[in-house]
Amino acid sequence: MTDDQSSPASAPQYETQAVHVGIPRGNGVGLGLPIQQIAAFQFETLDDAAQEFQSNQTHSYSRIQNPTVRALETRITALEGGSSTVALSSGQAATFTAILSVCRSGDHVVATSSLFGGSAGLLNNILPLMGITASVVPNTPEAVQAAMQPNTRLVWAETIGNPAADIADLTRYAQIAHARGAVLGVDNTWGGVGYLCRPLEFGADIVTHSLTKWAGGHGAVLGGSVTVGEAHDLSGNPIYSEGSPTLLEARGPSALAWRQRWFGAHQLGMTLSPHSAFLIAQGLETLALRLSRECETALQLARFLAQHPQVAAVAYPGLEQSPHHALAAEYLSGGYGGVLTFEVDDPASFLAALQTVRIAPNLGDTRTMVVHPWTTTHGRLPEAARYAAGVTPRTIRMSVGVEALQDLQADLAQALQASRQTTLQQG
Ligand SMILES: *Cc1c(COP(=O)(O)O)cnc(C)c1O
C-alpha cells in the first residue's frame, strides 16, 4: 500500500507512526492531542454550512465528526495501512456498522465459528430482526466456500479466533469472497491495530477493532473502529449499484467509508467521545511495547502450561505443535498474540486459587486476566456452538498483561497445585 518507488524514504515504522500520526508540527503547537470537548462547530456563512453538510470534510456536530476523534481515526488508518477509518463507541458498534455497511434485508453473511461472543450474538439475535441471515461455519476455506450463497455480501472472520486462537486464512477467504462479488471483513482486535497483522494487505476489505482491548490497553475505556482499504469492489452489491445516482456514482471510491460513518455515527449515534478518543490514541502510542512483551510472555507461559501434568491442552498459535502455527507464521509478525487458552480439570478451584492473575472478562489490559468462557463470554450460545467455537466446560482463556513472567508463572503453578489438592480431597 506504500509507494516506495516515488517516495525517497519508505513509510515510517509502526512504532514511529503510533506516536506521531495525528499531531501537527508548528511553532507553539501542542505536542500531543488536545481533547476538543465540543458538541458543535461554527460556520462563517450559510454557504459554508451548506457545503459542510454536503461534504462532511471538516466538522459540524460531534455525533458525526470531532477533531480529537478524527486524529485517532487518522492514526488507526496509518497503523492498519488503510485509506479511511470511522471510530465508534465500542467494538460491538464497529461490528454492527461494518455488517450494515454492506448488508441489507435479504442478504447473507458467512462467518467463521471462532467468534467473539458479542459478534455471535449480533449474527444470531440482531441481524435476523433486519432480515439478514448468517451461516456460522468452521474456520476453513473449504467450509467458507461451501457456505457461499448468491446473496452472500460479506465473509466475516477474526484474525486470531476467540477463544480457540485459531488463525483465519485471510488470503483464501478474500479470494472466495471476491469471486462471488462479496467482501471480506476481519475483526482484527487480537491483531493489535495492525501491529501483529494488517488484514488489508492480505486482501481484506473491511477491518474492525474493539479499541477497548490492546488499543486502549489499560482497561480504562471503550471504543471501536472500522477501517477500509483502497481496493474494494462493491459493483456487485445492490446497496452500492442500484438507484439513480447509485451510491458508487454519488460517493466514488469513498462510498464504503462514507456509508460507515453515515450508519454508525451520523444515523445510529454510536459515536466515540473526544475524551475516549484521547485515551485510545494515547494507548496506541505504547501498543507495540506492551503487545510485543505480552506476546513474549504468552509464549513462555504457553510452553510452561503445555508441559504441566495438570493441563490437558494449550491453544496458542506460537507453539510449534499448534495446528495453527503455519498459518500464524504466514499472517502474523512480531508475535503470536497476547491470549492463550488451556484446559484444567476443575476451573472453579483453579480460578479461586489465583492470587496475581485476576478473573475479569476483558482482553489486552496491562494486567493478566482469565475468564471461564463456558459460563461467561460464550455462556449464552447453545452448547454445540460453544464446542464449535473451541470452548469446553474446562477451558480457561487468559489475556497476558505486562507483569513479570516469573510472577505469572509462579501464580499459575500454585493455583494448579491448589486445584489438584481440592480435587484429591473431594475425590
Ligand atoms: C471485545 C471484543 C469485541 C467487542 O468490543 P467491545 O468494545 O466490548 O464492544 C469484538 N471483537 C473482539 C474480538 C473482542 O475481543
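For ligands, and for the atoms within them, numbers begin at 1 and follow the listed sequence.
Residues Thr286 and Val19 have side chains not in contact (no heavy-atom distance under 4.5 Å, counting atoms from C-beta outward). Contact annotation: the side chain of Arg251 never approaches that of Tyr240 to less than 4.5 Å [non-hydrogen atoms, C-beta and beyond]. Within the 4.5 Å cutoff, the side chain of Arg180 has no heavy atoms near those of the Thr152 side chain. Looking at Leu301 and Gln409, their side chains come closer than 4.5 Å, going by heavy atoms from C-beta outward.
Under a cutoff of 6.0 Å and an axis angle of 45°, Arg290 and Trp214 do not form a cation-pi pair.
Ligand 1 is surrounded by Ser90, Gly91, Gln92, Phe116, Glu158, Asp187, Thr189, Trp190, Ser210, Thr212, Lys213, Gly223, Leu363, each with at least one heavy atom closer than 4.0 Å.
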Name every donor-acceptor pair, under 3.5 Å, that has one atom in a side chain of residues 120-135 and the other anywhere in the protein, sequence neighbours excluded.
residue: Asn124; atom: ND2; partner: Ala120; partner atom: O; Å: 3.1
residue: Asn125; atom: ND2; partner: Gly121; partner atom: O; Å: 3.3
residue: Ser135; atom: OG; partner: His108; partner atom: NE2; Å: 2.7

